[in-house]
Amino acid sequence: MAVFELKHPLIEHKLSNLRNKHTDTKLFRESLNEIAGLMVYEATKHLPLKEIETETPIQKTTTKVLDKPITLVPILRAGLGMIDGILQLLPNAKVGHLGVYRNEETLEPVYYYAKMPTNVVESQVFVVDPMLATGGSMIYTLDYLKEKGVKNITVLCIIGAPEGIKKFTEKHPDVDLYIAAIDDGLNENAYIYPGLGDAGDRIFGTK
Ligand SMILES: O=P(O)(O)OC[C@H]1O[C@H](OP(=O)(O)OP(=O)(O)O)[C@H](O)[C@@H]1O
Ligand SMILES: O=c1cc[nH]c(=O)[nH]1
Ligand SMILES: [Mg+2]
């Protein structure tokens, strides 16, 4: 398992939009999707390829295409905010929805919905969620997918707390994590600081 913190000027710039409490819903959604798209370019660099025969206007040749079905699993709700940006680069990916929210008092993950594509087990799965705080929601999701038989999983998050990342790497040492920023920690309400606040509320305008 490896943690890749993706440092890039375009990601930093758009992350600044996400962190700014004055950013409106439109810019927040756009910036989140754009960061997710930039991250997926890096996170897909080890995807397996297969050779196929292709005829160019000049002659027959061998070209390479992706060899594995791809499934994106957004953790509802906030994970949905990254999906459009990723689908721009992986337009044939299937999307499996997993509904999990964090109980605000106990901080335990609470499951409420799942709908996976039929070939999820054979897929390369990318689990996406902007926030990795205590790690509870992500660990629950990885447990759920592995229990279903999924073997190849990569995680994409925007901001993580060191505590949650540590727990995640201990519980799922075989899963790579791509993340745009590792922040300073969790405050008394288990919100990431400096963070960006509640990602779901900022995407959907619910607060
Ligand atoms: O690492 P954790 O401590 O589990 O916290 C992270 C989770 O909290 C947020 O979701 P939330 O529970 O707010 O649900 P929402 O997306 O519906 O707002 C976030 O999008 C993660 O799923
Ligand atoms: O900082 C945090 C922690 C959990 N969920 C969020 O949306 N933000
Ligand atoms: Mg939320």
Side-chain angles (χ1 to χ4, degrees), residues 1 3 5 14-25 27-29 31-33 35-36 39-40 71-86 95-116 125-147 153-173 175-207:
M1 144 100 198
V3 177
E5 192 180 5
K14 293 171 195 299
L15 196 51
S16 172
N17 294 338
L18 296 185
R19 291 193 191 277
N20 184 344
K21 70 175 185 179
H22 299 298
T23 294
D24 64 18
T25 309
L27 181 61
F28 191 90
R29 288 177 180 153
S31 301
L32 181 57
N33 273 307
I35 295 174
M39 290 178 73
V40 88
T71 296
L72 312 180
V73 176
I75 302 179
L76 306 183
R77 294 171 302 163
L80 290 174
M82 299 168 68
I83 290 298
D84 289 348
I86 297 175
V95 180
H97 295 82
L98 191 70
V100 180
Y101 70 88
R102 183 174 83 156
N103 178 304
E104 297 206 344
E105 265 117 55
T106 66
L107 303 178
E108 290 299 316
V110 182
Y111 166 91
Y112 60 94
Y113 182 74
K115 181 78 180 173
M116 293 294 146
V125 170
F126 291 93
V127 177
V128 304
D129 192 330
M131 310 306 277
L132 184 73
T134 65
S137 305
M138 185 58 73
I139 289 165
Y140 180 94
T141 300
L142 298 178
D143 287 344
Y144 175 93
L145 291 169
K146 287 183 177 178
E147 160 80 14
I153 310 177
T154 300
V155 169
L156 266 68
C157 292
I158 306 295
I159 299 181
E163 300 89 319
I165 293 172
K166 181 168 181 286
K167 207 161 124 196
F168 165 90
T169 56
E170 283 166 5
K171 294 257 181 193
H172 291 284
V175 177
D176 285 343
L177 168 67
Y178 289 81
I179 194 155
I182 300 173
D183 273 11
D184 297 338
L186 295 173
N187 70 13
E188 62 282 7
N189 299 316
Y191 272 78
I192 300 171
Y193 68 87
L196 53 72
D198 189 296
D201 285 339
R202 296 197 66 191
I203 296 163
F204 296 107
T206 40
K207 232 173 220 166

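First listed ligand is number 1; within each ligand, the first listed atom is number 1.
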About how many Å separate CG of D176 and OG1 of T169, when rounded to the nearest 0.5 Å? 11.5 Å

Under 4.0 Å from ligand 1, counting heavy atoms only, is it the side chain of A78, its backbone, both or neither? both

Check ligand 1 against M131 and write out every atom of the ligand that is under 4.0 Å from a heavy-atom position of the residue. 6 (C), 19 (C), 21 (C)

Protein contact for atom 21 (C) of ligand 1 (heavy atom, distance under 4.0 Å): yes

May I ask you to list the atoms of ligand 1 that are less than 4.0 angstrom from any heavy atom of G136? 1 (O), 4 (O)

Could you tell me the separation between the CG atom of L72 and the OG1 atom of T154, rounded to the nearest 0.5 Å? 11.0 Å

So which protein heavy atom does atom 7 (O) of ligand 2 come closest to, and at what separation? A199 N, 2.8 Å

Hey, which N, O or S atom on D198 ends up closest to the Mg ion (ligand 3)? OD1

Protein contact of atom 2 (C) of ligand 2 - nearest heavy atom, named by residue and atom, plus distance: Y191 CD2, 3.4 Å

From the options A190, G164, A133, G197, select the one whose nearest heavy atom is closest to atom 6 (C) of ligand 2. G197

Min side-chain heavy-atom separation I139-H172 under 4.5 Å: yes

Give a yes or no on whether a salt bridge exists between E170 and K166, defined as a side-chain N under 4.0 angstrom from a carboxylate O. yes

How long is the straight-line distance from CG of N189 back to CG of D198, given to the nearest 0.5 Å? 11.5 Å

If you count the non-hydrogen atoms of other residues, nucleotides and ligands that lie under 6.0 Å from NZ in K146, is the total more than 12? yes

For Y101, the ligand 1 atoms whose distance to one of its heavy atoms is below 4.0 Å: 12 (O), 14 (O)

Are R102 and Y191 in a cation-pi setup, meaning NZ or CZ lies under 6.0 angstrom from the ring centre and within 45 degrees of the ring axis? yes

Heavy-atom protein neighbour under 4.0 angstrom from atom 10 (O) of ligand 1: no

If you have a sec, work out which protein heavy atom is nearest atom 12 (O) of ligand 1 and how many Å separate them, to one decimal? R102 N, 2.7 Å

Would T23 and R202 count as a side chain to side chain donor-acceptor pair (under 3.5 Å) here? Give the steps. CA-CA 9 Å; T23 294; R202 296 197 66 191; 4.6 Å; no

Heavy-atom contacts with S137 under 4.0 Å: which atoms of ligand 1 show up? List them by number with element. 2 (P), 4 (O), 7 (C), 22 (O)

S31 side chain to F28 backbone, donor-acceptor under 3.5 Å: no

Close approach of D129 to ligand 1, heavy atoms, under 4.0 angstrom: yes

Would you call R19-D183 a salt bridge at under 4.0 Å N-O? yes

The protein heavy atom nearest to atom 17 (O) of ligand 1 is R77 NE, 2.8 Å

Atoms of ligand 1, numbered as shown, that sit under 4.0 Å from any heavy atom of D198: 13 (O), 18 (O)

Take every heavy atom of R202, measure it against each atom of ligand 2, and state whether any distance is under 4.0 Å. no

Under 4.0 Å from a heavy atom of G200: give me the atoms of ligand 1 that qualify, with their elements. 18 (O)

Taking atom 1 (O) of ligand 2 as the reference point, the nearest protein heavy atom with its distance: I192 N, 2.9 Å

Numbering the atoms of ligand 2 from 1, which are under 4.0 Å from a heavy atom of R102? 3 (C), 4 (C)

Hey, does G135 sit under 4.0 Å from ligand 1 if you only count heavy atoms? yes

What residue and heavy atom of the protein are closest to atom 3 (O) of ligand 1, and at what distance? T134 OG1, 2.6 Å

Is a donor on one side and an acceptor on the other found under 3.5 Å between the side chain of E5 and the backbone of Y178? no

